[in-house]
A.B. asks: 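Sharing a structure here in structure tokens format.
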Amino acid sequence: MFRFLTSGESHGPGLTAIIEGLPAGLKLEAEEINYHLGRRQGGYGRGGRMKIEKDQVIFRSGLRHGLTLGSPVTLEIDNRDWENWQVKMSVVPVNEQVEAVTLARPGHADFAGVIKYGHDDIRNVIERSSARETAARVAVGAVCLAFLKEFGVEIHSHVLSVGPIGDKDTHRSAVSSNFTAAYWEQVEQSSMRCGDSELEELMIGYILECKSKGETCGGVFEVIATGVPIGLGSYSQWDRRLSTRVTTAIMSIPSVKGVEIGRGFESSTLPGSQVHDVVQWSNVQGWQHLTNNAGGIEGGMSNGAPIAVRAAVKPISTLAHPLPTVDIRTHENVSKGRYERSDVCVVPAAGVVGEAMLAIVLADAWLEKFGGDSIAEMQRNFHAYIANIVSNI
Ligand SMILES: Cc1cc2nc3c(=O)[nH]c(=O)nc-3n(C[C@H](O)[C@H](O)[C@H](O)COP(=O)(O)O)c2cc1C
């Protein structure tokens with residue numbers, strides 16, 4: 001239904017995304033996409049690159065007078081840093097000698113990438129394996145968010161922990177379905193994208209401590225989608241399950257090493273009576289789950305409750321005090337790898353990428369369920385379905 005591809009190297013001319021499957025008549029504005037691109041670039045703990053790049057989207061196809069045409073939408077984001085890399089990253093041969101990168105960073109794509117593709121310069125791997133690519137995904141996600149907004153869906157993310165500093169009441173957020181607009185505003189104002197100001201200060205302190213030691217740190221973010229109707233996804237095949245699609249999408253974010261929906265791992269430690277969400281009918285509100293331990297997905301389908309997914313982010317692999325490694329050309333084991341300008345903590349930014357990935361999955365599932373060639377046709381399909389669900393109220 002919905003598909004997209006991204007292309008582009010981290011220090012090449014720019015990133016491109018092509019989206020296919022969007023219905024006609026969706027209003028898209030560059031400022032809205034740029035707003036989300038800016039959010040991905042923020043967060044305490046980011047490195048110097050973010051000061052150079054101020055990502056801006058350029059629409060290249062699929063729109064006329066601000067509305068989608070139903071044809072492929074092409075998005076481009078220029079890399080401002082390109083002007084400093086034109087020789088090193090030239091697509092055509094150059095006369096200059098360009099120094100090769102030969103020391104593989106443990107924890108990154110460097111080692112397996114050069115072996116797999118038969119390269120002798122790790123630069124050939126770094127450029128595409130870099131999470132710079134996630135800017136293109138955030139742009140695609142912002143388009144999907146604009147689409148979902150037409151139907152009343154909202155997606156937010158917040159940071160729950162950084163290293164050992166975190167919310168000890170681990171199920172508080174996944175279970176809660178009543179985060180207010182004011183709470184999300186506080187998250188947007190927080191440099192850690194954390195809704196608890198005391199915790200935020202502790203997180204910043206920990207990041208500073210890591211930085212002073214030449215270390216990096218990971219953490220946990222959570223993404224929550226509200227306004228998702230009952231019945232996206234299906235139990236009928238493994239790959240149609242919404243849980244499969246959500247976890248795969250979140251797991252695809254570089255440095256994400258674990259994903260859970262709702263109470264996730266914690267639910268394995270509890271008796272069934274404390275895990276399963278009781279559903280009731282109310283003449284005022286219709287179907288209501290009394291709790292949301294399932295994180296909005298049961299049997300591979302959305303159940304109408306907020307979708308809550310969390311991800312564990314590993315510490316990023318470029319350390320200012322590098323680990324021992326190996327030279328991929330000489331095979332010499334060296335006591336210290338190389339350092340390239342890098343972030344210290346990317347958990348807040350990874351959360352923004354998480355919002356984009358969840359938006360992409362939900363947009364795809366939405367097209368499957370309410371499919372139509374125009375927004376107007378999809379609105380008719382959607383409202384007829386909702387009217388049928390709530391017809392007893
Ligand atoms: C938004 C974002 C920014 C990142 N920035 C960096 C960075 O500056 N330096 C770095 O070494 N890794 C960075 N990473 C993490 C690497 O991309 C990641 O460690 C690498 O892809 C290997 O992880 P993987 O095994 O999950 O693919 C970033 C990740 C994200 C999500």
Side-chain angles (χ1 to χ4, degrees), residues 6 8-11 15 36-55 77 79 81 85 101 103-117 122-142 157-159 162-163 191-193 207 210-211 214-223 247-259 309-323 325 337-358 360:
T6 71
E9 279 70 43
S10 179
H11 298 98
L15 301 166
H36 291 290
L37 289 172
R39 291 170 72 237
R40 188 199 75 95
Q41 293 189 282
Y44 198 86
R46 302 306 301 278
R49 177 79 189 266
M50 292 306 116
K51 295 189 181 80
I52 296 171
E53 302 289 353
K54 281 280 170 282
D55 289 336
I77 303 164
N79 286 332
D81 215 5
W85 288 75
V101 178
L103 298 180
R105 288 165 303 173
H108 221 303
D110 304 7
F111 170 71
V114 284
I115 304 286
K116 174 179 169 65
Y117 287 98
I122 294 170
R123 172 70 51 208
N124 293 340
V125 173
I126 299 174
E127 285 293 325
R128 183 64 189 162
S129 63
S130 157
R132 171 87 189 125
E133 184 269 343
T134 60
R137 294 202 227 171
V138 167
V140 174
S157 69
H158 55 168
V159 172
V162 166
S191 63
M192 282 310 300
R193 303 192 50 73
I207 293 171
C210 288
K211 193 172 180 185
E215 277 286 3
T216 58
C217 53
V220 173
F221 69 80
E222 182 178 58
V223 187
T247 50
T248 302
I250 299 294
M251 199 72 195
S252 77
I253 301 169
S255 73
V256 166
K257 292 297 139 203
V259 182
V309 52
R310 293 143 170 252
V313 177
K314 73 178 178 183
I316 55 180
S317 16
T318 310
L319 303 180
H321 292 172
L323 289 168
T325 187
R338 59 177 267 289
Y339 177 68
E340 185 167 318
R341 181 187 57 202
S342 182
D343 302 329
V344 174
C345 176
V346 297
V347 186
V352 175
V353 182
E355 292 173 21
M357 294 314 295
L358 184 58
I360 289 166

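Order of appearance sets the numbers: ligands from 1, and atoms from 1 within every ligand.
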A.B. asks: Measure from the side-chain N and O atoms of T216 to the backbone N and O of I316, and report whether any donor-acceptor pair falls under 3.5 Å.
C.D. replies: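 A pair under 3.5 Å: yes.
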A.B. asks: With heavy-atom distances below 4.0 Å as the criterion, list the atoms of ligand 1 near A131.
C.D. replies: 2 (C), 3 (C), 4 (C), 17 (O), 28 (C), 29 (C), 30 (C)
A.B. asks: Could you identify the single nearest non-hydrogen protein atom to atom 5 (N) of ligand 1 and state the distance to 0.1 Å?
C.D. replies: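 Sorting protein heavy atoms by distance from atom 5 (N) of ligand 1 puts D343 OD2, 3.0 Å first.
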A.B. asks: What protein heavy atom sits nearest atom 9 (N) of ligand 1, and how far away is it?
C.D. replies: S342 OG, 2.7 Å
A.B. asks: Which residue supplies the protein heavy atom nearest to atom 15 (C) of ligand 1, what is that atom called, and how far is it?
C.D. replies: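 Ranking protein heavy atoms by distance from atom 15 (C) of ligand 1, first comes I316 CG2, 3.5 Å.
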A.B. asks: Checking the N or O distance criterion of under 3.5 Å, is ligand 1 in contact with S130?
C.D. replies: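 So ligand 1 has no N or O lying under 3.5 Å from an N or O of S130.
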A.B. asks: Distance to 0.1 Å, residue and atom name: give those for the protein heavy atom nearest to atom 1 (C) of ligand 1.
C.D. replies: A349 CB, 3.8 Å
A.B. asks: Kindly write out the residues that satisfy salt bridge (charged side-chain N to carboxylate O under 4.0 Å, His left out) with R193, not counting sequence neighbours, or none if the list is empty.
C.D. replies: E188, E355
A.B. asks: Starting from atom 19 (O) of ligand 1, what is the nearest protein heavy atom, named by residue and atom, and what distance separates them?
C.D. replies: S317 OG, 3.2 Å
A.B. asks: Could you list which atoms of ligand 1 come closer than 4.0 Å to a heavy atom of T318?
C.D. replies: 9 (N), 10 (C), 11 (O)
A.B. asks: Report yes or no: does a heavy atom of G107 sit under 4.0 Å from some atom of ligand 1?
C.D. replies: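 Under 4.0 Å: yes for G107.
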A.B. asks: I want to check something: taking the side chain as every heavy atom from C-beta on, are I253 and R137 in contact at a cut-off of under 4.5 Å?
C.D. replies: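 They are in contact (side-chain heavy atoms under 4.5 Å apart), so the answer is yes.
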A.B. asks: With sequence neighbours left out, what residues match E127 under salt bridge (charged side-chain N to carboxylate O under 4.0 Å, His left out)?
C.D. replies: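 Partners of E127 under the salt bridge (charged side-chain N to carboxylate O under 4.0 Å, His left out) test: R123.
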A.B. asks: Show me which atoms of ligand 1 lie under 4.0 Å from any heavy atom of R105.
C.D. replies: 11 (O)
A.B. asks: Please tell me if the side chains of D55 and R40 come closer than 4.5 Å, counting only heavy atoms from C-beta onward.
C.D. replies: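 With C-beta onward as the side chain, the pair touches.
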A.B. asks: With a 3.5 Å cut-off and no angle check, do the side chains of R128 and T6 form a donor-acceptor pair?
C.D. replies: yes
A.B. asks: Please write down residue, atom name and distance for the protein heavy atom closest to atom 31 (C) of ligand 1.
C.D. replies: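 I find the closest protein heavy atom is P254 O, 3.4 Å.
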A.B. asks: Would you check if Y44 and I207 make a side-chain contact, meaning some heavy-atom pair closer than 4.5 Å?
C.D. replies: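 Of all side-chain heavy-atom pairs linking I207 with Y44, at least one is under 4.5 Å.
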A.B. asks: I'd like to know if the side chain of N79 reaches the main chain of E9, judged simply by a donor and an acceptor atom lying under 3.5 Å from each other, with no hydrogens or angles considered.
C.D. replies: yes
A.B. asks: Return the residue, atom name and 0.1 Å-rounded distance of the protein heavy atom closest to atom 26 (O) of ligand 1.
C.D. replies: S255 N, 2.8 Å
A.B. asks: Under a 4.0 angstrom heavy-atom cut-off, which atoms of ligand 1 come close to K257?
C.D. replies: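 Listed by number with element, the hits are 24 (P), 25 (O), 26 (O).
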A.B. asks: Counting heavy atoms not belonging to K211, are there more than 12 under 6.0 Å from its NZ?
C.D. replies: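 12 or below, so no.
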A.B. asks: Looking only at the side chains, is there a donor atom on one of R105 and S317 sitting less than 3.5 Å from an acceptor on the other?
C.D. replies: no
A.B. asks: Could you tell me the residue and atom name of the protein heavy atom closest to atom 16 (C) of ligand 1, and the distance to it rounded to 0.1 Å?
C.D. replies: H108 NE2, 3.6 Å
A.B. asks: Is ligand 1 under 4.0 Å from a heavy atom in the side chain of R46, in the backbone, in both, or in neither?
C.D. replies: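 It is the side chain that touches ligand 1; the backbone stays farther off.
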A.B. asks: Just going by heavy-atom distances, which of V346, V344, L319, T134 is nearest to atom 4 (C) of ligand 1?
C.D. replies: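 Selected option, by shortest heavy-atom distance: V346.
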